[in-house]
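Lettering follows sequence order; numbering is per chain, from 1.
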Amino acid sequence: MSEKTFTERVVEVIKSIPHGNVATYGQLAAMAGNPRGARQVVRVLHTLWEKEKLPWHRVINAKGTISLTGAGFDEQKVLLEAEGVAVDGRGAVDLKKYQWRPAENVSA
DNA sequence: GCCATGGCTAGTA
DNA sequence: GCCATGGCTAGTA
């Protein structure tokens, strides 16, 4: 059988985060089939973002803030703001406003 | 062993 | 602030 691995599903789900939206590590893990796989989402981003051209900047933590520090923090903030996502000085994003909610996007 | 989490607790104001 | 959690990439033999 050629079942996709959890990692492959994580890659796909990250790729489908819409422009101008954000998703949390745990949310992506759940969408990929494992609600407890947040750490794996972290690993996928860390190791595959370049090779898979992942929109890594659209992934933030469950508190709704940027998890990166230093230069990475600044870059993520800039990339998000460039696509219309407001980020405050602490790196906080309004999840109510910008979190990706696939179900809401289903055409009526 | 590694990783950019997440959720809950204790301790302070 | 602490610690349980999950799946595996990179590098050597």
Side-chain angles (χ1 to χ4, degrees):
Chain A
M1 300 312 170
S2 52
E3 281 267 315
K4 283 183 179 154
T5 65
F6 179 66
T7 293
E8 288 173 322
R9 293 198 301 275
V10 167
V11 167
E12 289 184 357
V13 83
I14 292 174
K15 282 182 177 174
S16 42
I17 303 171
H19 181 279
N21 282 84
V22 296
T24 68
Y25 299 94
Q27 170 189 1
L28 295 170
M31 291 176 74
N34 187 343
R36 298 181 186 272
R39 304 298 297 270
Q40 192 57 19
V41 173
V42 169
R43 198 170 216 330
V44 167
L45 283 170
H46 189 80
T47 60
L48 302 174
W49 67 273
E50 204 161 25
K51 184 187 302 181
E52 300 289 342
K53 302 191 191 319
L54 302 175
W56 61 271
H57 61 284
R58 307 213 260 246
V59 186
I60 61 180
N61 62 38
K63 303 182 209 79
T65 64
I66 290 176
S67 281
L68 292 183
T69 56
F73 175 96
D74 295 328
E75 187 177 359
Q76 184 163 11
K77 186 171 186 291
V78 167
L79 287 171
L80 284 174
E81 290 176 331
E83 41 186 78
V85 177
V87 184
D88 73 11
R90 309 184 323 275
V93 170
D94 186 352
L95 286 179
K96 298 248 188 288
K97 201 167 174 183
Y98 301 106
Q99 183 170 31
W100 179 31
R101 290 188 179 75
E104 284 184 8
N105 229 20
V106 176
S107 55

Distance-only donor-acceptor hits, side chain of residues 44-57 of chain A, under 3.5 Å, sequence neighbours excluded:
unit_1  : atom_1 : unit_2  : atom_2 : d
A:Thr47 : OG1    : A:Arg43 : O      : 2.9
A:Glu52 : OE1    : A:Lys15 : NZ     : 3.3
A:His57 : NE2    : A:Glu83 : OE1    : 2.9

Just list the side-chain donor-acceptor pairs under 3.5 Å for residues 88-96 of chain A, sequence neighbours left out, or say none.
unit_1  : atom_1 : unit_2  : atom_2 : d
A:Asp88 : OD1    : A:Arg90 : N      : 2.9
A:Asp88 : OD1    : A:Gly91 : N      : 3.0
A:Asp88 : OD1    : A:Ala92 : N      : 2.9
A:Asp88 : OD2    : A:Arg90 : NH1    : 3.1
A:Asp94 : OD1    : A:Lys96 : N      : 3.1

For residues 26-40 of chain A, please give each side-chain donor-acceptor pair under 3.5 Å, one per line with the distance, not counting sequence neighbours.
unit_1  : atom_1 : unit_2   : atom_2 : d
A:Gln27 : OE1    : A:Thr24  : N      : 3.1
A:Gln27 : OE1    : A:Gln99  : NE2    : 2.8
A:Gln27 : NE2    : A:Trp100 : O      : 2.9
A:Asn34 : OD1    : A:Arg36  : N      : 2.8
A:Gln40 : NE2    : A:Thr7   : OG1    : 3.4

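Residue A:Gln76 holds its CD atom at 5.0 Å from CG of A:Leu68, rounded to the nearest 0.5 Å. The CZ atom of A:Arg58 lies 11.5 Å from the CD1 atom of A:Ile14; values are rounded to the nearest 0.5 Å.
Within a heavy-atom distance below 4.0 Å of DNA chain C, the residues of residues 21-46 of chain A found are A:Asn34, A:Arg36, A:Arg39, A:Gln40, A:Arg43. Listed by residue number, A:Thr5, A:Phe6, A:Thr7 are the residues of residues 5-16 of chain A with a heavy-atom contact under 4.0 Å to DNA chain C. Looking at residues 64-78 of chain A, you'll see A:Ser67, A:Leu68 sit with a heavy atom under 4.0 Å from some atom of DNA chain B. Contacts with DNA chain B (heavy atom under 4.0 Å) in residues 83-98 of chain A: none are found.
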B/S/- along nucleotides 7-13 of chain B (protein heavy atoms under 4.0 Å) is -------
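Pairing each heavy atom of A:Tyr25 with each of A:Val42, the nearest pair is CD2-CG2, 3.7 Å.
With sequence neighbours left out, the salt bridge (Lys or Arg N to Asp or Glu O under 4.0 Å) criterion links A:Glu81 to A:Lys77. Annotation: side chain to side chain donor-acceptor pair (under 3.5 Å) contacts of A:Thr65 (sequence neighbours excluded): A:Asn61. Here A:Asp74 pairs with nothing under the side-chain contact (heavy atoms from CB on, under 4.5 Å) rule; sequence neighbours left out.
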Structure string for DNA chain C in dot-bracket form, Watson-Crick and G-U at under 3.5 Å, | interchain
||||.|||.....
